[in-house]
Participant: 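Below are the structure tokens for one structure; questions will follow.
In this chain, residues are counted from 1 in sequence order.
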Amino acid sequence: MLATAAVVGLLWAGKILFVTLFFALFLSFALHPFVELLERVRVPRGLAAFVVLLLLCALVTFFIVNALDQAQAFARDWPDYERKIQGLTARARGLFSRIEEGTRRLLSEGEKAGVRSVRLEEGMLDSVARVVLQVRTVFSLALYTAAVPMLAFFMLKDREKYSGALTRILRRKGGRAASDFAVNVAHVLSGYVLGELFVVLITACITTAGLLVLEVPYSYVLGPLAGLCVLLPYVGVILSTTPALFVAFLGTDEPFLALKVFLFYSVVQFLEGNVLTPFIVGSRVRLHPLAVLVAFLFWGILWGLPGAILAVPLTATVKVVGERFERFAPWAALLGERTPDPEPEEERKEPGEKAAG
């Protein structure tokens, strides 16, 4: 119990460091196959890692630029949204007024006299302090975000050095079986993270294209948001669907657009949960729904939104590592069915390649 409490305390105290490292680690897992593909055409490993990360940053920049443009358009259109919201809440105001009037009648005259109006004024120094705090927060967020691709670059560039050093350590401590265990775990997690990345990209592209066909405003924001929300179990569906329905209902004059968007999102979520994820991710990591929910709550409480995004891959990592130790295998079984070991390299080769070897 004390060891578990110490580990949780360490994770909480160093959450910025661990979140940055884990994001970089999983990003390197996802991009490693593309780096290997460039290496096969005789591109140096460092240059291949740089090119892959540069293409990824260009893709992210494209969506961010379009998102900023549409955010400006949303700011311009906000007065129209505000008028429509005021029209929809006109009846609610009357209801709230009646509730307020009834509440006032419940107060006696003595209680009314005891209620005083308090006015708070913010000084100039408080305003400056708030601005400085916001600037520091934005700067820190940008700095840690920029550190993720930089760390991923060095993890990809020097992957062989790190894996060689880890292999020597494990062979000295636990023999060849320990090093083979590390290779198998890395292989399983790399395939899992790469599959999740493809699911996110495909979902984002399908959603963006569908919203453009339906002529829903801010498609370049809502589409990538739907893809990213795939990483958030259970609540991701609500977080991606609600803004789209809000825009479809208030942003256009078409009466049935919100219904079309709802049906479209329902189809996309069905395809993602029953076709894309099972086909692309498959059975690489099998987690029980209850384990996913508990992991989402645990990592979300511990690290906030980054922890909620990392909840599934982190739990998958704990499960894959734990189930390969007899001591922790029963506990790993609570998280899901055992993950099958990857096929040996010799079995993955074609018969012609074996003969040539």
Side-chain angles (χ1 to χ4, degrees), residues 7-8 11-12 15-33 56 145 148 151-152 155 184-204 207 224-241 268-324 328-329 331-342:
V7 170
V8 173
L11 291 174
W12 180 82
K15 58 183 176 181
I16 296 178
L17 174 62
F18 289 121
V19 165
T20 306
L21 287 177
F22 281 126
F23 268 119
L25 179 63
F26 291 132
L27 181 61
S28 67
F29 275 150
L31 300 182
H32 175 63
L56 179 63
T145 303
V148 170
L151 290 172
M155 290 178 182
N184 291 340
V185 170
H187 182 77
V188 171
L189 293 178
S190 179
Y192 169 74
V193 174
L194 179 62
E196 286 289 344
L197 176 63
F198 274 116
V199 171
V200 169
L201 291 178
I202 293 173
T203 304
T207 307
L225 178 63
L228 292 175
C229 286
V230 172
L231 301 175
L232 296 173
Y234 303 110
V235 300
V237 177
I238 301 175
L239 294 179
S240 62
T241 306
V268 171
Q269 294 296 334
F270 176 81
L271 292 176
E272 181 272 322
N274 297 276
V275 179
L276 288 179
T277 298
F279 180 74
I280 297 178
V281 180
S283 59
R284 288 186 176 92
V285 178
R286 303 170 180 175
L287 293 174
H288 292 319
L290 179 60
V292 173
L293 179 58
V294 173
F296 174 74
L297 294 174
F298 173 78
W299 293 109
I301 294 173
L302 193 64
W303 289 345
L305 179 59
I309 296 174
L310 292 171
V312 175
L314 283 175
T315 307
T317 303
V318 174
K319 173 181 172 293
V320 171
V321 173
E323 65 191 3
R324 281 160 173 79
F328 302 109
W331 297 97
L334 294 175
L335 300 178
E337 300 178 10
R338 179 178 173 82
T339 305
D341 294 324

Participant: Any chance you could measure Leu27, atom CG, to Leu151, atom CG, to the nearest 0.5 Å?
Facilitator: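 Answer for the CG-CG pair, Leu27 versus Leu151, is 10.0 Å.
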Participant: By side chain to side chain contact (heavy atoms under 4.5 Å, CB included), which residues pair with Ile238, not counting sequence neighbours?
Facilitator: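 In terms of side chain to side chain contact (heavy atoms under 4.5 Å, CB included), with neighbours along the sequence ignored, Ile238 is linked to Thr242.
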Participant: Mark yes or no for whether Ser28, through its side chain, and Ala152, through its backbone, hold a donor-acceptor pair below 3.5 Å.
Facilitator: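 No, the answer is negative, given that no donor and acceptor are paired below the 3.5 Å cut-off.
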Participant: Can you see which heavy atom on Ala204 is nearest to which on Pro224, and at what distance?
Facilitator: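 Taking every non-hydrogen atom into account, CB-CA, 3.9 Å.
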Participant: Considering non-hydrogen atoms only, spot the tightest contact between Leu21 and Met155 and give its length.
Facilitator: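 Reported closest heavy-atom pair: O-CE, 4.2 Å.
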Participant: Please answer whether the main-chain N or O of Val200 pairs with a side-chain N or O of Thr203 as donor and acceptor at a distance below 3.5 Å.
Facilitator: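 Answer holds: no.
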Participant: Using distance only, find each side-chain donor-acceptor pair of residues 288-296 under 3.5 Å and give its atom names and separation, not counting sequence neighbours.
Facilitator:
none

Participant: Suppose we screen for side chain to side chain contact (heavy atoms under 4.5 Å, CB included). Which residues come up paired with Leu314, at least two apart in sequence or across chains?
Facilitator: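 Partners of Leu314 under the side chain to side chain contact (heavy atoms under 4.5 Å, CB included) test: Phe22, Phe26, Trp299, Trp303, Leu310.
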Participant: Minimum heavy-atom separation for Leu302 to Lys15, with atom names?
Facilitator: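 Of all heavy-atom pairs spanning Leu302 and Lys15, the closest is O-CD, 4.1 Å.
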Participant: In Å, rounded to the nearest 0.5 Å, how long is the span from OG1 of Thr20 to CG of Leu25?
Facilitator: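 The CG atom of Leu25 is 12.5 Å from OG1 of Thr20, to the nearest 0.5 Å.
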Participant: Which heavy atom of Ala226 sits nearest to which heavy atom of Ser240, and what is that distance?
Facilitator: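 That would be CA-CB, 3.7 Å.
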Participant: Show the nearest heavy-atom pair for residues Gln269 and Val237, with the distance to one decimal.
Facilitator: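 That would be OE1-CG2, 3.5 Å.
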Participant: With sequence neighbours excluded, tell me which residues meet side chain to side chain contact (heavy atoms under 4.5 Å, CB included) with Leu334.
Facilitator: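 Counting only residues at least two positions away or on another chain, Leu334 forms a side chain to side chain contact (heavy atoms under 4.5 Å, CB included) with Trp331.
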Participant: At what distance, to the nearest 0.5 angstrom, does CG of Leu225 lie from OG1 of Thr207?
Facilitator: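 So the gap between those two atoms works out to 9.5 Å.
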Participant: Quick one: list whatever passes side chain to side chain donor-acceptor pair (under 3.5 Å) with Glu196, sequence neighbours left out.
Facilitator: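 None.
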Participant: To the nearest 0.5 angstrom, please state how far the CZ atom of Phe298 sits from the CG atom of Leu11.
Facilitator: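 Nearest 0.5 Å value for the CZ-CG distance: 6.5 Å.
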Participant: Could you tell me the separation between the CG atom of Leu276 and the CG atom of Leu201, rounded to the nearest 0.5 Å?
Facilitator: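 Rounded to the nearest 0.5 Å, the CG-CG separation comes to 11.5 Å.
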Participant: Mind checking side chain to side chain contact (heavy atoms under 4.5 Å, CB included) for Ile301 and listing every partner two or more places apart, or none if nothing turns up?
Facilitator: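 Per chain and number, Ile301 pairs via side chain to side chain contact (heavy atoms under 4.5 Å, CB included) with no residue.
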